[in-house]
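To start, the structure under review is shown below, and the notes come after it.
When reading the values below, keep in mind they use all heavy atoms of this one structure, side chains included, and skip hydrogens, waters and symmetry mates.
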Amino acid sequence: MQHNMMSWKKGLAALCLLAITGLTGCDQKTDAVAQNVGYDGLSPNTPLRVDPQTRTVTMLVQVNGRFLTDDTRHGIVYKGGSNSQKSLFIGYATPKALYDALKQIHATPGDNMTMDNKETTHVAGSKLAISVTWAGAAKAYSFDDVIVDSNGRKPDMRFGGNLTAAEEKKTGCLLCLDSCPVGIISNAVYTYGAVEKRGEVKFTGNAALLPPDGTLATVSFNVME
C-alpha cells in the first residue's frame, strides 16, 4: 500500500512538471519580452532608432511564423494593438512612436485616405525603402524579398500618416500591404480591399528566406528622394 502511495505521488509530480514545462514552452516568446531581450541595440523598452543623417528609422520586430504559410494583408502590427496576431511581423513600437520617428527624418505623411474613399484611393506620402535583417542573416533584405506578392509585383510603400485614425481604432497597424486609412505606412500598389474583399492578391512571408517563428529582427525605413 505504501509503495502504491509513493508511486502515485511520483506520478503526480511528473505530471505537474510536464504541465509546467508545457506552459513554459507555450509562453517562451512572452518570457523573452518580459526579460527585455533585444537585438541590434534595440529592445522592447527601446524599440526605435532614428538616424537623421541617413533619414532612417529602425524598429524592433518579431517574426510571426503563422504567416510564412497563411496569407495576410498586415505587414507589421504593434504588439499591443487589436490586430497584433494578424501580421507577418509583430512590432514593438506604437503607431504614434513610428509616426513621430518618421516625421523626425522629414518624411511627409500623405493623409489622403479616409474610410469613405479607401477602396478607390491609392495611399500617398513619402516613398520609403524598407529592409529587414536578423541575427544570422546574410544581409539586410529588401521588403519585397521577405514578402511574397502572388502577382509578382513589388510594393510601393508610402508614409500614409493616418495618426488620428490609428489612435481611434487602436488596431496597432504599422504597415499594411494594401492602401489603408489606418496604417501608418501602406502599399500604394493596391487599394483597400484588394486582399480580403476582392481577392486580387495574396501576401505571405517568404518561408525560404525568413527565420523561424519568434525570431527578433529589425526593419529599417529610409526616405527615398
inquiry  = Please determine whether side-chain contact (heavy atoms from CB on, under 4.5 Å) holds for the pair D213 and V63, giving the CA-CA distance in whole Å, both sets of side-chain angles, and the decisive distance to 0.1 Å.
reply    = CA-CA 5 Å; D213 178 56; V63 175; 5.5 Å; no
S142 vs D145, side-chain hydrogen bond (donor to acceptor under 3.5 Å, both in side chains): CA-CA, chis, key distance, verdict = CA-CA 5 Å; S142 67; D145 285 332; 3.1 Å; yes
Verdict with reasoning, R198 to T191, per side-chain contact (heavy atoms from CB on, under 4.5 Å) = CA-CA 10 Å; R198 301 189 300 276; T191 57; 2.8 Å; yes
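Legend: residues meeting side chain to side chain donor-acceptor pair (under 3.5 Å) with K127, ordered by chain and number and at least two apart, are D156. The side chain to side chain donor-acceptor pair (under 3.5 Å) search around S82 returns none, not counting sequence neighbours. Under the rule for a salt bridge (Lys or Arg N to Asp or Glu O under 4.0 Å), the partners of K197 that lie at least two apart in sequence or sit in another chain are E119. Under the rule for a ring pair (Phe, Tyr, Trp, His ring centres under 6.0 Å), the partners of Y99 that lie at least two apart in sequence or sit in another chain are F159. Residues forming a side chain to side chain donor-acceptor pair (under 3.5 Å) with E196 (at least two apart in sequence, or on another chain): none. Every salt bridge (Lys or Arg N to Asp or Glu O under 4.0 Å) that D40 has, sequence neighbours left out, goes to R49. Listed by chain and residue number, R66 satisfy the salt bridge (Lys or Arg N to Asp or Glu O under 4.0 Å) test with D70 (two or more places apart in sequence, or in another chain).
Just one of D51, T56, T58 meets the side chain to side chain donor-acceptor pair (under 3.5 Å) condition when paired with S220; it is T58.
A donor-acceptor pair is defined here as one N or O able to donate and one able to accept, closer than 3.5 Å; such a pair exists between the side chain of S84 and the backbone of G81. Not a single donor-acceptor pair under 3.5 Å links the side chain of S126 to the backbone N or O of A107. A donor-acceptor pair under 3.5 Å is absent between the side-chain atoms of T46 and the main chain of S43, judged by distance alone. In this structure, T215 contributes its side chain and P211 its backbone to no donor-acceptor pair below 3.5 Å. Between the side chain of N112 and the backbone N or O of A124, at least one donor-acceptor pair lies under 3.5 Å.
If you take CD1 on I185 and SG on C173, they are separated by 12.0 Å, rounding to the nearest 0.5 Å. Going from atom CG of L174 over to atom OG1 of T94 covers 8.0 Å, rounded to the nearest 0.5 Å. Atom CZ in F67 sits 8.0 Å away from atom NE2 in H74 (nearest 0.5 Å). To the nearest 0.5 Å, the span separating CG on L209 from CD1 on I147 amounts to 11.0 Å. In this structure, M157 CE and I130 CD1 are separated by 5.0 Å, a value rounded to the nearest 0.5 Å.
Cluster note: M115 groups with V182 through ILVMFWY side-chain heavy atoms spaced under 4.5 Å, whether in direct contact or through intervening members. The other members of the hydrophobic cluster of M113, by chain and number, are V123 (side-chain heavy atoms under 4.5 Å, ILVMFWY only).
Between I105 and F221, every side-chain heavy-atom pair lies at or beyond the 4.5 Å cut-off.
Sequence neighbours left out, the pairs with a member in residues 161-187 that pass side chain to side chain donor-acceptor pair (under 3.5 Å) are R73-D178. Pairs passing the ring pair (Phe, Tyr, Trp, His ring centres under 6.0 Å) check and including a residue from residues 109-138, sequence neighbours excluded, read W134-Y141. The ring pair (Phe, Tyr, Trp, His ring centres under 6.0 Å) contacts involving residues 175-204 comprise Y190-F203, where partners must be two or more places apart or lie in separate chains.
Connection of V219 to V77 is not established within any shared hydrophobic cluster, with ILVMFWY side chains joined at heavy-atom distances below 4.5 Å, either directly or through further cluster members. A continuous path of Ile, Leu, Val, Met, Phe, Trp and Tyr side chains, each step under 4.5 Å between heavy atoms, connects L48 with Y78, placing both in one hydrophobic cluster. In the hydrophobic clustering of this structure, V189 does not group with V148; members are Ile, Leu, Val, Met, Phe, Trp, Tyr whose side-chain heavy atoms approach within less than 4.5 Å, directly or through other members.
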